[in-house]
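Report on one structure; see the data block that follows.
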Amino acid sequence: MTATKDRNPAPHHPVFARVWPRLAAQLDRQGADDHRQRLVDGLDGRVVEIGAGDGRSLARYPDTVDEVVAVEPERYLRERAEQAALHAPVPVTVVDGVGEALPVPDGAFDAAVVSLLLCSVTDPRHVLSETRRVLRVGGQLRFFEHVAAEGGAHRRVQHALDATIWPRIAGGCHTGRDTTAAIRHTGFAIEELEGFRFPPGSVPTPTSPHVLGRARVA
């Protein structure tokens, strides 16, 4: 199999794209930078980062990585990622592309990285199937995502927001996706999984349930 033709137009959220770098910087100050670092620790070989955004993870890759291909469809964010790539400790190529149709060959990578991405794509399972396609046998997926609450009022709030205003104001984001189930469904075996509330605090937000983990092509 080769890269599939994109059946969906590239997402275009120009307002959110310009807000995101400031929002992400605030999240980093609250501890997201530590989670991003753990996301890439220990990687080696060739890595594809899907939905690289403004490239804020590129500086964190260890020198055991031979190359990172950073895929980002939003032009504004991609331009910022290109600037970040100039200062990365490993070789980085930033490319235009969507997760539903990655512009790379089958089995080309040792690892794939997704960070706060699967909440905002149209079909997470489609993106994960594409991710599996481009990984070698035994390749790994690293993921840091916010996910559905386990139930109760929190889950009902997520459902209501996802059906109304949240995707419109947050660049297509959905607060309550069962991301770990989607990962398993698309042929990955989850090897490590940590669940936690982020940002930390006594009052949960719609996006506060998070997971950080590692999976391999089953």
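A donor-acceptor contact shorter than 3.5 Å is absent between the side chain of Arg214 and the backbone of Glu192. The backbone N or O of His13 sits less than 3.5 Å from a side-chain atom of Glu74, completing a donor-acceptor pair. One N or O on the side chain of His126 and one on the backbone of Glu100 form a donor-acceptor pair closer than 3.5 Å. No donor-acceptor pair under 3.5 Å is formed between the side chain of Arg60 and the backbone N or O of Leu39. At least one donor-acceptor pair closer than 3.5 Å links the side chain of Arg216 to the backbone N or O of Gly138. Side-chain atoms of Glu194 never come within 3.5 Å of backbone atoms of Val211 as a donor-acceptor pair (strictly under, hydrogens ignored).
Relative ring orientation between Phe144 and His210 is described as tilted, the plane-to-plane angle lying within the 30° to 60° band.
The residues Arg155 and Glu150 are annotated as not salt-bridged, no charged nitrogen and carboxylate oxygen being separated by less than 4.0 angstrom. Remark: Arg36 engages Asp28 in a salt bridge, criterion side-chain N to carboxylate O under 4.0 Å. Salt bridge annotation for Arg80-Glu72: absent, with no cationic side-chain nitrogen under 4.0 angstrom from a carboxylate oxygen.
Arg125 and His185 form a side-chain donor-acceptor contact under 3.5 Å, judged by distance and modelled atom types alone. Judged by distance alone, the side chains of His159 and Arg156 never bring a donor and an acceptor atom under 3.5 Å apart. In the model, Asp33 has no side-chain atom that pairs as donor or acceptor with a side-chain atom of Gln37 under 3.5 Å.
Taken to the nearest 0.5 Å, the CZ atom of Phe188 stands 8.0 Å off from the OG atom of Ser129.
Criterion: ILVMFWY side-chain heavy atoms under 4.5 Å apart, direct or through other members. Under it, Phe109 and Val113 are not part of a common hydrophobic cluster. By the rule that hydrophobic residues join a cluster once side-chain heavy atoms approach within less than 4.5 Å of another member, Val217 and Val47 end up as members of separate clusters. The cluster map of Ile, Leu, Val, Met, Phe, Trp and Tyr, joined by side-chain heavy atoms under 4.5 Å apart, puts Tyr61 and Val48 in different clusters. Both Leu117 and Val104 sit in one connected hydrophobic cluster of ILVMFWY residues. Membership requires side-chain heavy atoms under 4.5 Å apart, directly or through other members.
In the displayed structure, Leu86 atom CG is contacted under 6.0 Å by more than 12 heavy atoms of other residues, nucleotides or ligands.
Between Phe16 and Ile169, the shortest heavy-atom contact is CD1-O, 3.9 Å.
The cationic atom of Arg18 (NZ for Lys, CZ for Arg) lies less than 6.0 Å from the six-membered ring centre of Tyr76 and within 45° of the ring axis.
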**Request:** Using the side-chain contact (heavy atoms from CB on, under 4.5 Å) rule, take Asp66 and Val90 through it: C-alpha gap first, then chi angles, then the decisive distance, then the call.
**Result:** CA-CA 7 Å; Asp66 297 326; Val90 300; over 6 Å; no
